[in-house]
Amino acid sequence: MKKRLDDLLRATVEYCFDAGLLKRGPIPEYVIEVPNNAAHGHFATNLAMTFASTQRRRPLDIASTIVDNLKDEQGILESTKIAGPGFINFKIRAREWRKLLVQILRERADYGRSLAGQGEKVIVEFVSANPTGPLHLGHGRGAAIGDTLCRILSFCGYRVEREFYINDAGEQIRFLGESIYSRFRQIRDPDYPFPEKGYHGDYILDLAAAVSRDLDLETLDREEAITLCAEKGKAIMLSEIREDLTRFRVDFDSWYSEMDLHNSGLLEDTLKAVRRASYLFEEDGALWIRTSEMGDDKDRVIRKSDGRFTYFASDIAYHLQKHERGFTRAIDIWGADHHGYIPRIKASLTAHGIPEDWLSVMLIQLVKLWEGGEEIRMSKRAGTFVTLRELMDDVGVDAVRFVFLTKNHESPLDFDMDLVRKQDSENPVYYVQYAHARICSIFRKAEAEGMVLPAEPGDLLGGLVLEEELDLIRTMSLFPSLLRDISLTLEPHRLTYYLTDLAALFHRYFNLGTKTPEHRIITSDSNLTQARLWLVDGVRIVVANGLRLLGIGAPEKM
RNA sequence: GCCCCCGUAGCUCAGGUGGAUAGAGCACCAGAUUCCUAAUCUGGGUGCCGCAUGUUCGAGUCAUGCCGGGGGCACCA
């Protein structure tokens, strides 16, 4: 609808140019928006105001010139008003809104889908948890945001690859092995020392038990045993991580191992490439990359003086790999504590001639858990943390995913266990899901009363005349552009707000019937009943599509 | 010291790439069910949008500085 209005306005301006009513020149950037005040109509544009400076005329004059010459060939406008400092406010005929409902009913599960992304190849890397422990809340938030974003991007016509980067080559894995081994030895010898940088969580005990079942740790020498513990432990953790993610409805297309990066020689190749670009230098026995010339605040070490590579080296190689794999765009979702890495990664990409905006990094802020009015403090090292698995057991996948998307990812999130456990309208996820269930219930009732909807709504929708009914359609019509906006701004949380709004509109509409029986959806007038059933079917479609993009179920009964 | 994020109603937070009179939920009070699910709804009121300059027709939104809170700085991962 916005597009049609835009075409109409441009045609009008062209006409005014031809007729000499406006000085010919470039049309300035302007917006068409849905005003937050309903009295300002369905759409408003600031066109006349942005025109003012180049036309050297008062915005109000320009507005009336435009309004007097509107090229509304198809008669979509019901009224046009000039208001305030020079806004033009439009109302669209009800007939046009009803046509949009027809479109929703036709497209069904595809409603909202678009080709906006033009098949652009995007790689989204998220979660990427170290396989040294179970997934915790922070990973869950990243997983929910990343997965929903991917679903939306795909729906908007991008070719999306979801990737999990496995940090399986560094010191941390060694500490994991030492921790497991130490716990094993402590079974016999409680005084056996535990590594200072080890992992204290109880899950290490389980790992020790599992590893020692398969291997005779007793007979191996310490080094050998630790290496094996590390390998086995890593494999077990990784498979648990996969299980948790599957249960959380997050599927990855690829799992990229840092170890492979080393073994396949890609790391060495990368270094050669960097060297060719002459951004490397040696100092104090270490190998450095001159990222400071590309916007980083200092140079960074790539290979330490002990001969081992830093993680940064793998990160550079990994990102160059992404680029070589043909992705025209990359999105990384990291914990906010990694923000310091952005400049150096971008700098090293720049050194290879990769444009700065090829990579977008989304930083996910902290999750704090609250229960009984108190914060539950968490620390992975100390082993006091709530895992994603425990959270799923406690409150369910739907609620967890929804809550993780109720805030901008750049804001810290307070996760209130008491609220999320509630299964009533205070819990936003139930509020939205219930809208869907309620509509299904209405349909069951209609069927029980022998109501059958024809295949196409035809002219029946003319019965939809209430402001509340047209409001619902208008809100539904925003869905496709909302998804496009989300894919551009990378702000998937906006979808939960939209669905909550739509659900509220629907519940309010439904409740009209409790006061005024003739506003009930199922009435004695069969034509009107059918029209209203089509309307709420539209709502059901949009809610279901939205929930699907959030990875949340749309129940038919609650 | 440098970098990132946050600061909007009593609380938790939205605020659609700068628009008109800044919103929602919770909390609080009062009400609604012979009815398609009361897992719902209706009504009642709040704001120096942290402060200050600037950019412009117009700023919660952009820029700069400051204040307050959180996080991060490594030849750690």
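Every chain is numbered from 1, with letters handed out A, B, ... down the list of sequences.
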Look at all strands and tell whether [X] reaches a base, only sugar-phosphate, or nothing, counting heavy atoms closer than 4.0 Å.
X: A:T514; result: base
X: A:N37; result: base
X: A:E283; result: base
X: A:V34; result: base

In this structure, is the centre-to-centre distance between the rings of [Y] and [X] below 6.0 Å?
X: A:F126; Y: A:F164; result: no
X: A:W334; Y: A:H339; result: no
X: A:F312; Y: A:Y341; result: no

Rounded interatomic separation in angstrom, taking [atom1] from [X] and [atom2] from [N]:
X: A:L405; N: B:C13; atom1: CG; atom2: C1'; answer: 15 Å
X: A:H519; N: B:U42; atom1: NE2; atom2: C1'; answer: 16 Å
X: A:K298; N: B:C76; atom1: NZ; atom2: C1'; answer: 12 Å
X: A:N408; N: B:C13; atom1: CG; atom2: P; answer: 12 Å
X: A:H436; N: B:U37; atom1: NE2; atom2: P; answer: 15 Å
X: A:F312; N: B:A74; atom1: CZ; atom2: C1'; answer: 14 Å
X: A:H42; N: B:G16; atom1: NE2; atom2: P; answer: 22 Å
X: A:E468; N: B:C41; atom1: CD; atom2: C1'; answer: 13 Å

So, taking the atom named [atom1] in [X] and the one named [atom2] in [Y], what distance separates them when rounded to the nearest 0.5 Å?
X: A:H519; Y: A:R532; atom1: NE2; atom2: CZ; result: 6.0 Å
X: A:E258; Y: A:Y318; atom1: CD; atom2: OH; result: 10.5 Å
X: A:L405; Y: A:K407; atom1: CG; atom2: NZ; result: 13.0 Å

Verify the contact: side-chain N or O of [X] to OP1 or OP2 of [N], cut-off strictly under 4.0 Å; return yes or no.
X: A:R484; N: B:G16; value: no
X: A:T406; N: B:G25; value: no
X: A:R344; N: B:A74; value: yes
X: A:H493; N: B:G15; value: yes

Polar atoms only, N or O, under 3.5 Å: list the protein pairs with nucleotides 55-59 of chain B and their distances.
none

- Query: Side chains of A:F402 and A:D398: does their closest heavy-atom pair fall under 4.5 Å?
  - Reply: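 Result no, sub-4.5 Å side-chain heavy-atom pair not found.
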- Item | Side chain proximity check, A:R444 to A:K557, heavy atoms < 4.5 angstrom |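 In contact.
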- Base B:A14 to side chain A:Y498, donor-acceptor N/O within 3.5 Å cut-off: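 Answer is no: no donor-acceptor pair is held.
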- Donor-acceptor pair (no angle test) under 3.5 Å: A:Y431 side chain, B:C41 base: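 Looking at the base of B:C41, it does not pair with any donor or acceptor on the side chain of A:Y431 (distance under 3.5 Å).
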Nucleotide paired to [N] in any strand shown, Watson-Crick or G-U, under 3.5 Å:
N: B:G68; value: B:C6
N: B:U56; value: none
N: B:U17; value: none
N: B:G31; value: B:C41
N: B:U61; value: none
N: B:C73; value: B:G1

- Item | A:E556 or A:L478, whichever maps to the more 5' nucleotide of RNA chain B |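 Of the two residues, A:L478 wins.
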- Query: Relative to the 5' end of RNA chain B, which residue comes earlier, A:T310 or A:Q365, by the nucleotide with the nearest heavy atom?
  - Reply: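 Taking each residue's closest nucleotide, the earlier one in sequence belongs to A:Q365.
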- Message: Is it the case that over 12 heavy atoms from other parts of the model lie below 6.0 angstrom from the NZ atom of A:K81?
- Response: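 Result for NZ/A:K81: open.
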- Task: Would you check if A:F87 stacks with the base of B:A20, given a 5.5 Å centroid limit and a 30° plane limit, both strict?
- Result: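 Base of B:A20: stacked against A:F87.
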- Query: Ring of A:H339 versus six-membered ring of B:G71: centres under 5.5 Å and planes under 30°?
  - Reply: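 No, A:H339 does not stack on the base of B:G71, since the centre distance and plane angle fail the 5.5 Å and 30° test.
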- C1' atoms of B:U21 and B:U64, separation to the nearest Å: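 About 30 Å, rounded to a whole number of Å.
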